[in-house]
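Below: one structure, written as structure tokens.
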Amino acid sequence: MAIDNPAKTSAGHRRKAPSGAAPRRPGRRLWVKAVVALLLVVEIYPLIWMFLTSLKSNDDYLNNSTWSLPTTWQWANYTDAWTTGNIGLYVQNSLLAVVPALALMLLLGTAAGFALQIMVWKGRSLTLLVFLAGMMVPPQMILLPLFTAYFQTGLSGTLWPLILTYTGTGLPLTVFMMATYYRSVPRELFEAATIDGAGILRAFWTISLPLVRNALLTVGLVQFFFIWNDLLIALTFTNDQDLRTVQVGLLNFTGDFGATRYGPLFAAICINVFGTLVIYLFLNQKVMKGLTSGAVKG
């Protein structure tokens with residue numbers, strides 16, 4: 001009596017494992033899942049703790065355990081953080097400083113990357129080295145000269161010092177990254193455009209920008225987080241309470257008579273953290289495409 005062998009196919013041939021395939025190891029997969037679960041706990045638990053702390057009263061925070069749940073859920077902490085704590089004004093100031101600086105940075109950085117990689121001219125390698133040298137200058141070294149310059153030009157007391165400083169400090173990295181992305185763009189596209197009569201400006205706006213839009217989004221998001229989370233530059237140039245950004249506002253977040261109100265403080269931190277987290281999660285896939293688009297030669 002013949003026994004059906006499950007290792008045989010319908011044609012009677014024995015199935016063979018691919019020669020290059022490694023044998024499966026259930027124990028290894030279990031360890032990988034355990035490490036991933038541990039990383040998720042490390043990443044998510046602080047967010048949960050911060051959210052629960054934002055719903056506590058001052059008595060809960062000072063008298064009860066740090067890990068205890070709120071005895072009364074103080075949802076009014078978010079209202080106090082937005083109104084009494086002026087977190088709404090701080091967010092507005094951050095947007096007014098970050099958005100123009102980011103727009104200038106991306107426009108100038110993309111144009112410079114295009115000129116350094118696509119256009120052919122004498123001295124472009126030396127120019128790229130000069131931009132790279134700007135990445136090595138610590139921001140602490142330029143704060144005092146910039147503060148003096150802004151004071152003498154009458155820009156102090158406005159958001160222009162933040163906009164100009166953010167643009168200048170972010171340009172070296174932006175130029176370097178955009179030049180790297182342009183290196184993967186096929187030169188034949190620009191040669192064909194030149195043959196068809198397109199000038200430099202038209203090639204830049206209509207051909208190059210659509211090709212590097214994912215790279216623009218990636219660089220813009222990276223620079224956005226750098227600028228949004230800045231404390232040193234904002235603390236140096238915002239000498240008026242009405243001009244404070246989010247990070248400076250959180251540093252000076254106090255209630256009546258200078259006492260810290262921990263519930264509204266953590267509520268303001270949650271508004272800041274979860275707002276930026278939503279932006280990243282929404283644009284995550286495009287960021288991944290942008291990170292890999294400059295890694296392969298087109």
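Interatomic distance, E191 CD to D196 CG, rounded to the nearest 0.5 Å: 12.0 Å. With rounding to the nearest 0.5 Å, the separation of CG in L216 from CZ in R213 is 10.5 Å. Taken from OG1 in T167 to CG in L104, the straight-line distance is 4.5 Å, to the nearest 0.5 Å. The line from OG1 of T245 to CG of L231 is 7.5 Å long, rounded to the nearest 0.5 Å. Atom CG of N86 and atom OG1 of T84 lie 8.0 Å apart (nearest 0.5 Å). Distance check: M119 CE to I200 CD1 gives 4.5 Å after rounding to the nearest 0.5 Å.
Side-chain contact check for Y262 versus N77: every heavy-atom pair is 4.5 Å or farther apart. Here the side chains of M177 and L173 are in contact, with some heavy-atom distance below 4.5 Å. Counting heavy atoms from C-beta outward, Q223 and M105 have side chains that approach closer than 4.5 Å. Two residues are said to be in side-chain contact when any heavy atoms from C-beta on lie closer than 4.5 Å; Q117 and R187 meet this criterion. D80 is not listed as a side-chain neighbour of Q74, based on a closest heavy-atom distance of 4.5 Å or more. Using a 4.5 Å cut-off on side-chain heavy atoms (C-beta onward), F176 and V219 make no contact. Looking at F190 and I207, their side chains come closer than 4.5 Å, going by heavy atoms from C-beta outward. Using a 4.5 Å heavy-atom threshold, the side chains of I142 and T169 count as touching.
Between F147 and T236, the shortest heavy-atom contact is CE1-O, 3.8 Å. Counting all heavy atoms, side chain and backbone alike, L235 lies closest to V248 at N-CG2, 3.7 Å. When all heavy atoms are compared, the tightest approach of L243 to T158 is CD1-N, 3.7 Å. Closest of all the heavy-atom pairs between L102 and G220 is CD1-O, 3.6 Å. What you find for A81 and A268 is that their closest heavy atoms are CB-N, 3.9 Å. Closest of all the heavy-atom pairs between R202 and A198 is CD-CB, 3.9 Å.
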Working for side-chain contact (heavy atoms from CB on, under 4.5 Å), residues I87 and L250 = CA-CA 8 Å; I87 191 64; L250 293 176; 4.2 Å; yes
Report the C-alpha separation of T174 and L108 in whole Å, then their side-chain angles, then the decisive distance to 0.1 Å, and conclude whether the side-chain contact (heavy atoms from CB on, under 4.5 Å) test is met.
-> CA-CA 9 Å; T174 304; L108 297 176; over 6 Å; no
Dump the intermediate steps for side-chain contact (heavy atoms from CB on, under 4.5 Å) on T218 and Y181, then the final yes or no.
-> CA-CA 11 Å; T218 302; Y181 286 117; 4.1 Å; yes
Kindly determine whether L155 and L164 satisfy side-chain contact (heavy atoms from CB on, under 4.5 Å), including the steps that lead there.
-> CA-CA 10 Å; L155 293 178; L164 296 176; 4.0 Å; yes
Dump the intermediate steps for side chain to side chain donor-acceptor pair (under 3.5 Å) on S208 and Y182, then the final yes or no.
-> CA-CA 8 Å; S208 72; Y182 272 118; 3.2 Å; yes
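The cluster map of Ile, Leu, Val, Met, Phe, Trp and Tyr, joined by side-chain heavy atoms under 4.5 Å apart, puts I118 and L126 in different clusters. Hydrophobic cluster membership is shared by F114 and W121, with clusters built from Ile, Leu, Val, Met, Phe, Trp and Tyr side chains linked at under 4.5 angstrom. Connection of V175 to V130 is not established within any shared hydrophobic cluster, with ILVMFWY side chains joined at heavy-atom distances below 4.5 Å, either directly or through further cluster members. Under the 4.5 Å side-chain heavy-atom criterion for grouping Ile, Leu, Val, Met, Phe, Trp and Tyr, L69 is connected to L62 within one hydrophobic cluster. Under the 4.5 Å side-chain contact rule for hydrophobic residues, I271 and F282 share a cluster.
The hydrophobic cluster containing V42, built from Ile/Leu/Val/Met/Phe/Trp/Tyr side-chain heavy atoms closer than 4.5 Å, also comprises L38.
F237 pairs in a ring pair (Phe, Tyr, Trp, His ring centres under 6.0 Å) with only one of the listed residues (Y150, F151, Y166, W160), which is Y150.
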Please tabulate, for side-chain N and O atoms in residues 47-57, each donor-acceptor pair with protein atoms closer than 3.5 Å (sequence neighbours left out).
residue, atom, partner, partner atom, Å
W49, NE1, T66, O, 3.1
T53, OG1, W49, O, 2.7
S54, OG, F51, O, 2.5
S54, OG, Y78, OH, 2.8
K56, NZ, T66, O, 3.3
K56, NZ, S68, O, 2.9
S57, OG, D60, N, 3.4

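In this structure W228 satisfies the side-chain contact (heavy atoms from CB on, under 4.5 Å) test together with V91, S94, L95, V98, F224, V246, Q247, N272, T276, sequence neighbours excluded. For F131, there are no ring-ring contact (aromatic ring centres under 6.0 Å, His included) partners at least two apart in sequence or on another chain. Among residues two or more places apart in sequence or in another chain, the side-chain contact (heavy atoms from CB on, under 4.5 Å) test is passed with A111 by F204.
More than 12 non-hydrogen atoms from other residues, nucleotides or ligands lie less than 6.0 angstrom from CH2 of W73.
Evaluation of the salt bridge (charged side-chain N to carboxylate O under 4.0 Å, His left out) test over residues 219-237, restricted to residues two or more places apart or in two chains, returns none.
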